[in-house]
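Starting from 1, each residue takes its place in the sequence as its number.
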Amino acid sequence: MSVLIVIPARYASTRYPGKPLVTLTGATGIAKSLIRRSWDAAMMVDGVDRVAVATDDSRIADAAAGFGAEVVMTATTCANGTERCAEALDNLGGDYDIVVNLQGDAPLTPDWFISDLVAGLRANPQAHVATPVLRTGGSMLGALLQDRREGRVGGTTAVFGADHNALYFSKEVIPFTGRRYEDDEPTPVFHHVGVYAYRPDALRAYADWPLGPLEQLEGLEQLRFLERNVPMLCVEVAAKGREFWELNNPEDVGRIETMLQAMGQP
């Protein structure tokens with residue numbers, strides 16, 4: 001089954017304008033843009049036929065082309081990364097069995113997250129969309145709760161049923177648990193990793209549906225699928241000692257740089 005990875009990136013982020021061009025310094029002291037680090041993460045994944053950056057901004061397009069990425073231009077009217085991926089799929093020819101949306105704010109995404117995600121969608125023909133979830137330890141859960149206490153809209157959490165189909169995603173920390181956990185102790189809270197694998201028909205249908213009330217309230221694009229009763233498979237992935245965090249706010253730059261340096265990432 002052929003696989004296309006699309007990295008949607010826009011300049012006009014509500015919370016962090018210009019985010020894809022923000023630089024992050026790794027363990028060797030080299031500063032690379034967020035979009036470059038996201039591209040590097042995509043290029044580490046085995047079994048992928050094509051990788052492209054999808055944007056509506058010439059500054060991002062020029063930066064991506066400058067480090068050798070394939071760039072596909074998309075409309076400024078795309079409301080989110082999923083809509084941008086749908087347009088990119090058609091602009092690139094559309095002849096792929098699975099489309100992966102590796103959002104451009106997740107440079108710490110390990111290659112096996114994406115490999116496991118694609119394998120999960122392939123193995124579950126009833127699923128139209130799949131997305132990774134990572135069980136939090138006490139330290140990560142504490143960071144999510146701290147963001148909410150301080151009024152920051154940070155990481156997303158996911159809850160799913162016994163069949164691993166998604167029940168809900170939220171910027172609040174769900175499910176509620178009132179107890180304290182040790183830093184490395186597993187918790188019942190799952191951090192949603194902002195990557196998606198779509199079957200092309202589901203991706204194209206999404207772009208034709210109007211914005212739903214839950215998607216609008218939470219600001220989470222994947223809720224449009226749930227509001228339409230489209231099965232979304234949650235694929236549990238393993239950290240394997242790697243730390244994961246997304247760049248949602250300016251305060252996340254230092255946190256991600258610290259993680260890059262601790263992991264020896266250049």
Side-chain angles (χ1 to χ4, degrees), residues 3-22 33-36 38-39 42 50-67 69-96 98-107 109 128-131 153-154 156 166 169-171 192-230 232 246-250:
V3 178
L4 165 69
I5 294 181
V6 178
I7 305 172
R10 64 177 183 143
Y11 194 91
S13 169
T14 303
R15 282 178 282 157
Y16 199 169
K19 183 170 66 171
L21 302 182
V22 169
S33 67
L34 176 60
I35 191 63
R36 172 63 187 271
S38 298
W39 170 264
R50 193 173 186 181
V51 179
V53 172
T55 188
D56 59 4
D57 190 276
S58 60
R59 290 163 290 189
I60 296 172
D62 290 345
F67 58 74
E70 179 178 5
V71 178
V72 55
M73 297 304 294
T74 51
T76 57
T77 52
C78 292
N80 54 47
T82 300
E83 289 190 10
R84 201 171 303 283
C85 285
E87 184 177 342
L89 172 64
D90 288 336
N91 289 350
L92 292 169
D95 190 21
Y96 297 92
I98 293 176
V99 181
V100 174
N101 172 354
L102 175 60
Q103 299 193 73
D105 58 4
T109 306
H128 298 269
V129 187
T131 193
V153 179
T156 299
F169 299 89
S170 183
K171 287 293 185 182
H192 174 234
V193 179
V195 183
Y196 304 94
Y198 318 95
R199 301 195 192 278
D201 288 349
L203 181 57
R204 291 188 175 101
Y206 179 99
D208 292 332
W209 296 329
L211 179 76
L214 295 176
E215 178 189 359
Q216 186 170 17
L217 286 168
E218 292 268 10
L220 295 175
E221 64 200 86
Q222 66 270 36
L223 291 176
R224 196 180 306 182
F225 286 113
L226 297 191
E227 291 186 83
R228 294 278 172 165
N229 295 314
V230 175
M232 178 178 286
E246 296 163 337
L247 204 159
N248 294 300
N249 304 287

List the atom of [X], the atom of [Y], and the distance in Å for their closest heavy-atom pair.
| X | Y | value |
| --- | --- | --- |
| L247 | K19 | O-NZ, 3.0 Å |
| T131 | V193 | OG1-O, 3.5 Å |
| L102 | S38 | CD2-O, 3.7 Å |
| A88 | T74 | N-CG2, 4.1 Å |
| A42 | V51 | CB-CG1, 3.8 Å |
| A86 | A207 | CB-CB, 4.0 Å |

Keeping [X] on the side-chain end and [Y] on the backbone end, is there a donor-acceptor pair under 3.5 Å?
| X | Y | value |
| --- | --- | --- |
| R224 | Y206 | yes |
| Q103 | G194 | yes |
| E218 | L223 | no |

Any non-hydrogen side-chain atom of [X] less than 4.5 Å from a side-chain atom of [Y]?
| X | Y | answer |
| --- | --- | --- |
| E221 | N101 | yes |
| E227 | W209 | no |
| V230 | R228 | yes |

First locate atom [atom1] of [X], then atom [atom2] of [Y], and finally report the distance between them rounded to the nearest 0.5 Å.
| X | Y | atom1 | atom2 | answer |
| --- | --- | --- | --- | --- |
| I7 | E70 | CD1 | CD | 11.0 Å |
| D90 | L203 | CG | CG | 8.0 Å |
| E83 | L211 | CD | CG | 8.5 Å |
| R84 | D56 | CZ | CG | 4.0 Å |
| L226 | L220 | CG | CG | 10.0 Å |
| Y196 | M232 | OH | CE | 6.0 Å |

*Between I98, L4, T82, which is the residue that forms a side-chain contact (heavy atoms from CB on, under 4.5 Å) with Y198?*
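So, applying the side-chain contact (heavy atoms from CB on, under 4.5 Å) to Y198 and each of I98, L4, T82, only T82 qualifies.
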*asked:* Apply side chain to side chain contact (heavy atoms under 4.5 Å, CB included) to residues V22 and Y16 and explain how you reach the verdict.
replied: CA-CA 10 Å; V22 169; Y16 199 169; 3.4 Å; yes
*asked:* What I want to find out is whether D57 reaches R59 closely enough, with some N-O distance under 4.0 Å, to be called a salt bridge.
replied: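 Salt bridge between D57 and R59, a charged N being under 4.0 Å from a carboxylate O: yes.
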*Step by step, work out the side chain to side chain contact (heavy atoms under 4.5 Å, CB included) result for Y11 and T55.*
CA-CA 8 Å; Y11 194 91; T55 188; over 6 Å; no
*Does R50 count as lying over the ring of Y96, i.e. NZ or CZ under 6.0 Å from the six-ring centre, within 45 degrees of the axis?*
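No - R50 does not lie over the ring of Y96 by the 6.0 Å and 45° rule.
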*side-chain hydrogen bond (donor to acceptor under 3.5 Å, both in side chains) partner of T156, chosen from H192, K171, E246*: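 That would be K171.
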